[in-house]
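Okay, structure first, notes after.
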Amino acid sequence: MIRLKKFGVAGLILLLAGLLAGTPPVSAATVFYEPLTYFNSATWQKADGYSNGSMFNCTWRANNISFTSSGQLRLALTSPSNNKFDGAEMRSVNKYGYGKYEVSMMPAKNSGIVSSFFTYTGPSDGTPWDEIDIEFLGKDTTTVQFNYYTNGVGNHEKIVNLGFDASQGYHTYAFDWQQGYIKWYVDGALKYTATSNIPSHPGKLMMNLWNGTGVDSWLGSYNGVNPLYAYYDWVKYTSN
C-alpha cells in the first residue's frame, strides 16, 4: 500500500515507479492507493461467518478471499454443500468521506449474482444508512448499475450501457462524491450525475460478491453455478 500526504524524495520515487508500472498516478491529495496484491490488514477486514440475510443467499467466508499469482484480489462464490452458498466481502478498516473513489475490476458473469464496489455506513456503525454503489448484475455484464442510499432511502438506480462486456477485462470505474452531487465514471468518461438528497456520512469502502434470493425480477434467478469469481486489480481514494 502507498500512503502519501506530501511528496518528498521517497514520494517522487513511488510516483515514478507507479507510472512505469502502469498504475494510476498518486497525487498529493491521495489518501491511499492499494494495488491489492496481498491482504493488508492495516487497511482491510474480511467478513467471515455471518449472513446479511434477506436477499443475500450466502454466508460471508474469509477463505473465499484470495490473491492471484499475477497480483489481483479474487472474491469467490462457492457452494460447500447442496443449496448452501458462501460469498466474499472485503471492507476497509477506516471510513472515508467526500472525494473520488476508483477501482479497476472484472465482475463475475452469471444470472442471479452481484459483484460490487461501494461505500457503506449504517446502524451497525451508529450512523444512518448511507451508501454509494457501483454494482454489476451478473445476468448482463454489458451494463453497470449506479445507486445510492441516504438515511436508508434508495430507489436511485441507474443502469448504464458500457459498450463492452465488463466480465472480459479490467476497466476503471469511479464515483466522485461531493456535498451537492455524485458523479459516476467509466474509464474516465462521465456516465451519470445525481444531485438530489446526497449522502453525507463517511463510510467504509466495500467490495463483495454474492448471490440473491427472492429478487429474480432484479438479478434474475441464480442457477447454482459455482465457483464464480470477481477480480479487483487496484483501488484508490483521493480526498478533497
(request) Run the numbers on Phe136 and Tyr173 for ring-ring contact (aromatic ring centres under 6.0 Å, His included), then give the verdict. (result) CA-CA 11 Å; Phe136 293 90; Tyr173 307 93; 4.9 Å; yes
(request) Apply side-chain contact (heavy atoms from CB on, under 4.5 Å) to the pair Glu89 and Trp210, showing each step before the final yes or no. (result) CA-CA 8 Å; Glu89 179 176 272; Trp210 55 278; over 6 Å; no
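The side chain to side chain donor-acceptor pair (under 3.5 Å) contacts involving residues 179-192 comprise His171-Asp187, where partners must be two or more places apart or lie in separate chains.
Results of the side-chain contact (heavy atoms from CB on, under 4.5 Å) test with Tyr222 over Asp216, Leu77, Thr213 single out Leu77 as the only residue that passes.
With sequence neighbours excluded, the residues that form a salt bridge (Lys or Arg N to Asp or Glu O under 4.0 Å) with Asp165 are Lys109. Considering only residues two or more places apart in sequence or on other chains, Ser200 meets the side chain to side chain contact (heavy atoms under 4.5 Å, CB included) condition with Tyr98, Asp130. The side chain to side chain contact (heavy atoms under 4.5 Å, CB included) test applied to Asp133 returns Phe118, Glu131, Glu135, Asn147, Tyr149, not counting sequence neighbours. Lys204 is linked by a side chain to side chain contact (heavy atoms under 4.5 Å, CB included) to Gln45, Arg91, Ser92, Lys95, Met206, counting only residues two or more places apart in sequence or in another chain. Every residue meeting the salt bridge (Lys or Arg N to Asp or Glu O under 4.0 Å) condition with Asp86, not counting sequence neighbours, appears here in chain and number order: Arg61.
Residues Leu36 and Tyr231 form no side-chain contact, since every pair of their non-hydrogen atoms from C-beta on lies 4.5 Å or further apart. Residues Gln168 and Thr141 fail the side-chain proximity criterion, which asks for heavy atoms closer than 4.5 Å. For the pair Glu157 and Trp218, the minimum side-chain heavy-atom distance is 4.5 Å or more. Ser115 has its side chain out of reach of Leu75: every pair of non-hydrogen atoms, C-beta onward, lies at least 4.5 Å apart. Looking at Val160 and Val186, their side chains never come closer than 4.5 Å, going by heavy atoms from C-beta outward. Put simply, the side chain of Tyr148 reaches to within 4.5 Å of the side chain of Ser196, judged on heavy atoms. Two residues are said to be in side-chain contact when any heavy atoms from C-beta on lie closer than 4.5 Å; Asn40 and Tyr38 meet this criterion. Under the 4.5 Å side-chain criterion, counting only non-hydrogen atoms from C-beta, Thr68 is not in contact with Tyr229.
Here the straight-line distance linking atom NZ of Lys84 with atom CG of Asn57 works out to 8.5 Å at 0.5 Å rounding. Taken to the nearest 0.5 Å, the CG atom of Asp176 stands 6.5 Å off from the NZ atom of Lys100. Atom CZ in Phe175 sits 4.5 Å away from atom OG1 in Thr119 (nearest 0.5 Å). Here the OG1-CD distance, from Thr195 to Gln178, works out to 14.0 Å after rounding to the nearest 0.5 Å. Rounding to the nearest 0.5 Å gives a distance of 11.5 Å between CD of Gln145 and CD1 of Ile134. Atom OG1 of Thr143 and atom CG of Leu162 lie 6.5 Å apart (nearest 0.5 Å).
One hydrophobic cluster, built from ILVMFWY side chains closer than 4.5 Å, cannot hold both Leu219 and Ile113; they sit in different ones. Under the 4.5 Å side-chain contact rule for hydrophobic residues, Met207 and Ile65 share a cluster. Tyr232 and Val114 are not part of a single hydrophobic cluster, where members link through side-chain heavy atoms under 4.5 Å apart. Linking ILVMFWY side-chain heavy atoms closer than 4.5 Å, directly or via other members, places Leu73 and Phe32 in a single hydrophobic cluster. Follow the hydrophobic side-chain contacts under 4.5 Å out from Phe56 and you never reach Leu209; the two are in separate clusters.
Heavy-atom minimum distance, Leu228 versus Ala108: CB-CB, 4.4 Å. Contact record, Ser111 with Ser221: OG-O, 2.9 Å, taken as the closest heavy-atom pair. Looking at every heavy atom in both residues, Ser51 comes nearest to Cys58 through OG-O, 2.8 Å. The shortest heavy-atom contact between Phe117 and Glu102 is CZ-O, 3.7 Å. The two atoms that bring Ser104 and Tyr170 nearest to each other are OG-CB, 3.6 Å, heavy atoms only. Smallest separation of non-hydrogen atoms from Pro199 and Ile132: CG-CG1, 4.1 Å.
For the residue pair Glu34 / Trp44, a side-chain donor-acceptor distance below 3.5 Å is found, with atom types taken as modelled.
A distance-only check finds no donor-acceptor pair linking the side chain of Asn161 to the backbone of Gly163 [under 3.5 Å]. Under the 3.5 Å distance criterion, the side-chain polar atoms of Asp125 are left unmatched by any main-chain donor or acceptor of Thr127. Side-chain atoms of Thr59 never come within 3.5 Å of backbone atoms of Tyr50 as a donor-acceptor pair (strictly under, hydrogens ignored). Looking at Asn64, its side chain never comes within 3.5 Å of a backbone N or O of Ala88 through a donor-acceptor pair.
No close placement of the Tyr96 and Tyr101 rings is indicated, their centers lying 6.0 Å or farther apart.
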